[in-house]
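Because only heavy atoms are used, hydrogens play no part in the values below, and waters and symmetry mates are left out as well, while side chains stay in.
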Amino acid sequence: MATRGAPGPVAMLVDLSGSMRFGAAVAGPVAELGALLALSAVRSGDNFALFGCDDGVNEAASLPLSRRRGLEAEVRERLMAAQPRGAGAAGLFEAAGRLPGRRSLVFLLSDFLMPAGETERLLDALWRHDVVPVVLRDGALEEDLPRWGLIELGDLETGAARLVFMRPALRARWLRAARERQAALAALFARRGLRPVTLKDALDTDALAQRLMEG
């Protein structure tokens, strides 16, 4: 992989909590990213591991360290079949404890809607590794909200849904809150010297390759 000077383990920790249910994000760009990272690792002679994480490590959405041929197809298949559920980041913490003791390159993929303190603790648990946060964002919720009309909004962690009459003032507050969350998350990563990758709606392989080459 281009972000390190010598071969070593590569792992992808994927948040499969309920908030990741929007659209077909996990079965789409997340699965494609996982397959791409697995293929790149194997071609570089690195071992790759996948950890799908909901209330714990979801073994059906995980694969142990390997560099066998065809691993990328297995990663894609596991993620395409995954069903995000539950609440919290317990599975991500469990996966952090199951990583190799040797310094590894860890792609931490989440929407990071968890409380900031929980994100901080998770990064603390990954202190020995080179972490690349991958922030999953939903363009429909951040940019494409209607100015007027009834829309269904839900707490994706609990499954509760409600109808909301969207209007310009509410839309403006919603978008402002989204920008504030993004800014706070960016500041959190910057304090730790981490440069996140944004995964929004579709996987941009050229942008990803450029980002990884920059280190």
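In this structure, Gly91 and Val57 approach most closely via the heavy-atom pair O-CG2, 3.8 Å. Counting all heavy atoms, side chain and backbone alike, Leu65 lies closest to Pro9 at CD2-CB, 4.2 Å. Scanning all heavy atoms of the two residues, the minimum distance from Gly88 to Ser17 falls at O-CB, 3.7 Å. For the residue pair Leu99 and Ala11, the shortest heavy atom distance occurs at CD2-CB, 3.6 Å.
A continuous path of ILVMFWY side-chain contacts below 4.5 Å connects Val197 to Met12, so both sit in one hydrophobic cluster. The cluster map of Ile, Leu, Val, Met, Phe, Trp and Tyr, joined by side-chain heavy atoms under 4.5 Å apart, puts Leu122 and Leu188 in the same cluster. Cluster membership check: Leu185 shares its hydrophobic cluster with Leu92, using side-chain heavy-atom separations under 4.5 Å among Ile, Leu, Val, Met, Phe, Trp and Tyr. Following chains of ILVMFWY side-chain contacts shorter than 4.5 Å, one can reach Phe93 starting from Val106, so the two form part of one hydrophobic cluster.
Inter-residue side-chain proximity for Glu32 and Leu199 is flagged as unmet; no heavy-atom pair is nearer than 4.5 Å. When side chains are defined from C-beta on, Asp124 counts as touching Arg192, because their heavy atoms get closer than 4.5 Å. Between Phe51 and Glu94 the shortest side-chain heavy-atom distance does not fall below 4.5 Å. Residues Leu50 and Leu79 have side chains in contact (heavy-atom distance under 4.5 Å, counting atoms from C-beta outward). Side-chain atoms of Val135 and Gln182, non-hydrogen and from C-beta on, never get closer than 4.5 Å to each other. Here the side chains of Leu63 and Phe48 are not in contact, with every heavy-atom distance at 4.5 Å or above. Between Asp15 and Leu136 the shortest side-chain heavy-atom distance does not fall below 4.5 Å. Between Leu37 and Val75, every side-chain heavy-atom pair lies at or beyond the 4.5 Å cut-off.
Once rounded to the nearest 0.5 Å, the distance linking CZ of Arg181 with CG of Leu113 reads 6.0 Å. In this structure, CZ in Arg103 is found 4.0 Å from CG in Asp130, a value given to the nearest 0.5 Å. Interatomic distance, Met114 CE to Arg121 CZ, rounded to the nearest 0.5 Å: 10.0 Å.
Taking the six-membered ring for Trp and thresholds of 30 and 60 degrees, Phe112 and Phe189 have ring planes more than 60 degrees apart, a perpendicular arrangement.
Every residue two or more places apart in sequence or in another chain that forms a side-chain contact (heavy atoms from CB on, under 4.5 Å) with Arg43 is listed here: Leu39. Residues passing the side-chain contact (heavy atoms from CB on, under 4.5 Å) test with Arg128: none are found, sequence neighbours excluded. Residues forming a side-chain contact (heavy atoms from CB on, under 4.5 Å) with Pro115 (at least two apart in sequence, or on another chain): Glu118.
No donor-acceptor pair closer than 3.5 Å links the side chain of Thr198 to the backbone N or O of Pro196. In this structure, the side chain of Arg167 engages the main chain of Phe165 through a donor-acceptor pair within 3.5 Å. The closest donor-acceptor contact from the side chain of Arg76 to the backbone of Ala31 lies at 3.5 Å or more, if one exists at all. Judged purely by atom type and a 3.5 angstrom limit, Ser40 has no side-chain atom pairing as donor or acceptor with the backbone of Leu36.
Open room surrounds CD on Glu77; 12 or fewer heavy atoms of other groups in view lie less than 6.0 Å from it. Heavy atoms of other residues, nucleotides or ligands lying less than 6.0 angstrom from CZ of Arg69 number 12 at most. Remark: Glu74 CD is packed, more than 12 non-hydrogen atoms of other residues, nucleotides or ligands lying under 6.0 Å away.
With hydrogens and angles left out, the side-chain atoms of Asp46 and Ser44 include no donor and acceptor closer than 3.5 Å.
For the side chain to side chain contact (heavy atoms under 4.5 Å, CB included) with Val132, the qualifying choice from Leu194, Leu109, Leu105 is Leu105, the only one to do so.
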